[in-house]
Amino acid sequence: MDCKNYKEELGYSSNVLLNLFTKFKSGRTKYENMWRLIQAVYDGQFWDLYSKYAPNFAIKPDTNMVSYTVDNYTNSLYVGKYTPIVFPRSKMDSPTTMSINEFLEYTLDKLGFVNLQKDIGESAAKFNLGAIEVGWKSEIINGPESKFIGQIEAKQIDVMNLYLDPSVKDYLKGRAIFVEESVPIIEILNEPLLRERMKEFLERAKETQQPFNISTNTETATYLGAKQTTSEDESVRLVTCYYKKNTEMGYRIDKVWMIDNGFILAYKKGIKPNTFPIRVLYCRNTSKDPYGIPVTKLILNDAITINLIDCADATVIGNSSTRPKVLSRDSGINEKLFAQEGDNPRRLWVCNGNPDNILKYIDLPKLPADRYMLRQNLMNGIAMVTGVDSVYTGRDTNSIQTTGGMDLLNQRIGMSDNSRILNLQKFIISVSELIMEYYLSNGDKNTSIPSQSQDGFVNDIISIDFEDLRNNDIIVRL
């Protein structure tokens, strides 16, 4: 691979990718501030954002309804093991499909997919989408720590690093996908595929006496309060591009690694399988673009209002014993000492004249009595939008005690999750199909895995001939 002559090999320049990347970034801008706000509120930084709405002496409770909703979705839907099943086309294919089913389960376990699914699901609950990148033979840069997992590998992609085609609803039908990450230079030098070109880039920067381009996208994967990238980090902005190039036979997908606004580190012309190796899990279906509006955005204003009401209540109640005071100058009492010890019930004060005439307390404002009704209406509104109420979380079953009644209750609760469950099933099926496509495109004639019994012991070795399977249709279903 000669990156110096990549234009002749690929048929386009890095400027084509950079211009397209700029359009993708522009189309995603309207979501970025929303994502950062949601993440900050989820992390308990509400009053760092909204401190201007409360005085310094205010008591600032945080009834974090965003975290409450996201965590309940995650624990209810995305924590657990879901196993895909391959169905045979005929009775003769049954033994092969049984082996493939064991292979898929083994591969997903080896990838740690249960943990990936939980993290991706949490991202979907927050931002409406979470993503996974699947690679082959250590092609994922700055990817999994353990390279011994085999030929297939996978990692979660931070939503803030992912750029989809904003002109299409289905991201797989888009022109390209970009993943932008701030990666330490030492990690890039540790990747055999990128090492030589990275050294060349550093030498060129040294010869021209110009510092290399430190990661300039300070918004990448950062939220309120996060550590900002500095020159001491010695990181660069690495952009991984998956780009569709038209050919006489349709299109091929190229994979290109770039830094420094277009410096090509490596590329792969026509990856196999010929599909984007990224799959996205959605919490809610999208309508106009591949991002969509998260549930957390729909409840955010209600959650903000609840915190402001709680702040007013807590401040009035908390400061009821330390009300503002007006002290006469003729009292003979030390003003500074009285400011410090004036609320001490055991302190004796000697004053000039009648105490009733030298000290006056200022009453705190009275809050509207119907604020509790407003707060409850806001809580009910959040429960209606999200479906997360005391019954959903298992804290209340009302008066139901029978087994049949509980079954009906569970069915009713599950109805609010039906669309999210379908999206999760679609995601797992899509990831499983992608894994199978990788092995069907690149797998060896004999791929062996251990077959384990229920007690965890290996009782057999299963071999699958992927070369023989390449011409067969495989259907993956849960």
Side-chain angles (χ1 to χ4, degrees), residues 33-34 36-71 222-228 296-383 385-386 388-390 393 395:
N33 289 336
M34 176 184 67
R36 295 187 189 101
L37 176 60
I38 290 171
Q39 182 66 50
V41 172
Y42 177 86
D43 288 339
Q45 297 173 323
F46 177 88
W47 289 111
D48 294 334
L49 295 169
Y50 294 94
S51 58
K52 64 180 180 179
Y53 295 104
N56 293 333
F57 61 83
I59 298 173
K60 302 171 182 177
D62 186 1
T63 305
N64 201 328
M65 298 305 298
V66 170
S67 174
Y68 177 76
T69 300
V70 170
D71 291 347
T222 61
Y223 308 106
L224 181 68
K227 178 180 180 293
Q228 297 296 315
T296 47
K297 173 62 172 65
L298 303 181
I299 67 171
L300 190 57
N301 289 339
D302 286 8
I304 292 172
T305 307
I306 288 172
N307 272 355
L308 295 179
I309 293 174
D310 290 347
C311 175
D313 266 342
T315 300
V316 170
I317 295 172
N319 290 292
S320 60
S321 62
T322 57
R323 290 182 295 166
K325 305 176 245 334
V326 178
L327 182 67
S328 172
R329 290 184 181 273
D330 298 329
S331 65
I333 298 176
N334 184 292
E335 299 170 8
K336 292 184 178 180
L337 183 61
F338 188 76
Q340 297 175 357
E341 296 287 337
D343 297 319
N344 187 347
R346 298 184 178 183
R347 183 64 188 259
L348 175 65
W349 299 97
V350 178
C351 64
N352 299 327
N354 186 352
D356 293 335
N357 297 329
I358 65 173
L359 179 64
K360 182 179 180 179
Y361 285 90
I362 299 177
D363 292 331
L364 296 172
K366 292 183 179 180
L367 300 177
D370 54 359
R371 68 188 182 280
Y372 297 114
M373 183 178 295
L374 172 60
R375 188 184 189 280
Q376 188 59 46
N377 288 339
L378 293 170
M379 294 288 288
N380 292 340
I382 291 176
V385 171
T386 63
V388 179
D389 54 18
S390 58
T393 59
R395 291 180 170 87

key: Pro368 backbone acceptor or donor facing Arg371 side chain under 3.5 Å   = yes

Closest contact, heavy atoms only, Ile299 versus Met65 = CD1-O, 4.0 Å

query = Would Arg375 and Asp310 pass as an ion pair if we require N to O under 4.0 Å?
reply = yes

remark   = Applied to residues 53-62, the side chain to side chain donor-acceptor pair (under 3.5 Å) test, sequence neighbours excluded, yields Asp62-Asn307

inquiry  = Contact between Leu367 and Ile309 at the side-chain level, heavy atoms closer than 4.5 Å - yes or no?
reply    = no

query = Is the shortest heavy-atom distance from the side chain of Phe46 to the side chain of Thr63 under 4.5 Å?
reply = no

message = When you compare the side chain of Gln45 with that of Gln39, does any pair of heavy atoms fall below 4.5 Å?
response = no

task = Give a yes or no on this: more than 12 heavy atoms of other residues, nucleotides or ligands lie within 6.0 Å of atom NZ of Lys360.
result = no

query = For Leu337, does its backbone N or O pair with a side-chain atom of Asn334 as donor and acceptor, under 3.5 Å?
reply = yes

key: Spacing of Thr69 atom OG1 and Leu300 atom CG [to the nearest 0.5 Å]   = 10.5 Å

note = d(Gln340 CD, Arg347 CZ) to nearest 0.5 Å is 9.5 Å

ask   = Considering residues, nucleotides and ligands other than Glu335, do more than 12 of their heavy atoms fall under 6.0 Å from its CD?
value = no

key: Sequence-distant partners of Phe338, ring-ring contact (aromatic ring centres under 6.0 Å, His included), two or more places apart   = Trp349

query = What closest approach, in Å, do Cys311 and Pro61 show between heavy atoms, and which atom pair accounts for it?
reply = CA-CD, 3.8 Å

query = When you look at Ile306 and Ile382, which way does the side chain to side chain contact (heavy atoms under 4.5 Å, CB included) test go after all the steps?
reply = CA-CA 11 Å; Ile306 288 172; Ile382 291 176; 3.8 Å; yes

query = What are the two closest non-hydrogen atoms of Asp389 and Tyr68, and how far apart are they?
reply = O-OH, 4.1 Å

key: Polar side chain donor-acceptor pair, Tyr42 to Asp71, under 3.5 angstrom   = yes

ask   = Which pair of non-hydrogen atoms, one from Pro355 and one from Cys351, has the smallest distance, and what is that distance?
value = CG-SG, 3.9 Å

message = Can you give me the closest heavy-atom contact between Leu49 and Ala40, atom names plus distance?
response = CD1-CB, 3.7 Å

inquiry  = For Val66, is there any backbone N or O sitting under 3.5 Å from a side-chain donor or acceptor partner on Thr296?
reply    = no

task = Please say whether more than 12 non-hydrogen atoms of neighbouring residues, nucleotides or ligands are located less than 6.0 Å from CE in Met34.
result = yes

query = Taking all non-hydrogen atoms of both residues, which atom of Ile358 and which atom of Ser331 are closest, and how far apart?
reply = CD1-CB, 3.5 Å

key: Atom pair CG (Asn301) and CG (Leu378), whose distance is rounded to the nearest 0.5 Å   = 10.0 Å

key: Exam field: side chain Ser67 to backbone Asn64, donor-acceptor pair closer than 3.5 Å   = no

query = Say you draw a straight line from CG of Asp48 to CG of Asp43; how long is it, rounded to the nearest 0.5 Å?
reply = 10.5 Å

